[in-house]
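Structure record follows, encoded as structure tokens.
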Amino acid sequence: VIELKAGTAPPDSLTQLLAYMGALHQEEQKPIRGMLVARDFHQRLLWGAQAVPSVQLKEYSFQFFFRDA
């Protein structure tokens, strides 16, 4: 399961990801991994994610370049 958040992921983003993972686990009956992707993470979310080995946190960044056509 991959959950993408624009900007900083609030603490309840982890709850949302875990709910999706739990629902998919009920259907598939096999281990489910989750990835939360955001520009930054609230400190409480970082602490909570440390307790869940099947969850990864990934930070994104982007850069725009403009040129005349």
Side-chain angles (χ1 to χ4, degrees):
V1 175
I2 299 174
E3 176 72 15
L4 174 62
K5 295 294 183 187
T8 300
D12 64 343
S13 300
L14 182 57
T15 304
Q16 184 178 23
L17 178 65
L18 292 172
Y20 293 151
M21 291 170 64
L24 191 56
H25 176 73
Q26 289 299 314
E27 292 179 21
E28 300 293 325
Q29 292 299 309
K30 61 183 179 182
I32 305 295
R33 295 181 298 153
M35 181 183 298
L36 184 55
V37 181
R39 183 181 48 79
D40 196 16
F41 300 94
H42 189 281
Q43 184 63 51
R44 283 182 29 217
L45 189 151
L46 293 171
W47 294 331
Q50 289 177 3
V52 187
S54 59
V55 169
Q56 293 182 352
L57 303 180
K58 300 288 184 180
E59 291 182 10
Y60 71 80
S61 64
F62 54 90
Q63 190 172 16
F64 290 101
F65 295 96
F66 297 94
R67 62 184 174 125
D68 293 332

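One-based numbering along the sequence shown. All values below come from the heavy atoms of this structure, side chains included, with hydrogens, waters and symmetry mates left out. Just so it is clear, the model here is predicted, and its values are computed rather than measured.
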Subject >> Among Leu45, Val1, Leu17, side-chain contact (heavy atoms from CB on, under 4.5 Å) partner for Val55 >> reply: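 Passing option: Leu17.
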Original post:
Mind checking whether Phe64 and Phe66 have parallel, tilted or perpendicular rings, split at 30° and 60°?
Top reply: parallel
Nearest-0.5 Å distance that lies between atom [atom1] in [X] and atom [atom2] in [Y]:
X: Asp40; Y: Ser61; atom1: CG; atom2: OG; answer: 11.5 Å
X: Leu18; Y: Ile32; atom1: CG; atom2: CD1; answer: 12.5 Å
X: Lys5; Y: Gln16; atom1: NZ; atom2: CD; answer: 3.5 Å

Original post:
Are Phe62 and Arg39 close enough that some pair of their side-chain heavy atoms sits under 4.5 Å apart?
Top reply: no
Original post:
Should the heavy atoms of other residues, nucleotides or ligands under 6.0 Å from CD1 of Ile2 be counted, would the total exceed 12?
Top reply: no
Tell me the closest heavy-atom pair linking [X] and [Y], and the distance in Å.
X: Thr8; Y: His42; result: CG2-N, 3.9 Å
X: Gly48; Y: Leu14; result: C-CD2, 3.6 Å
X: Gly7; Y: Ala38; result: O-CB, 3.5 Å
X: Met21; Y: Ser54; result: CE-OG, 3.5 Å
X: Lys58; Y: Phe41; result: O-CZ, 3.4 Å

Original post:
Which residues satisfy the side-chain hydrogen bond (donor to acceptor under 3.5 Å, both in side chains) test with Tyr60, sequence neighbours excluded?
Top reply: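 Checked Tyr60 against side-chain hydrogen bond (donor to acceptor under 3.5 Å, both in side chains); zero matches.
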**OP:** Indicate, with yes or no, if Val52 and Tyr20 share a hydrophobic cluster defined by side-chain heavy-atom contacts under 4.5 Å among Ile, Leu, Val, Met, Phe, Trp and Tyr.
**Re:**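 Yes, Tyr20 and Val52 fall within the same hydrophobic cluster.
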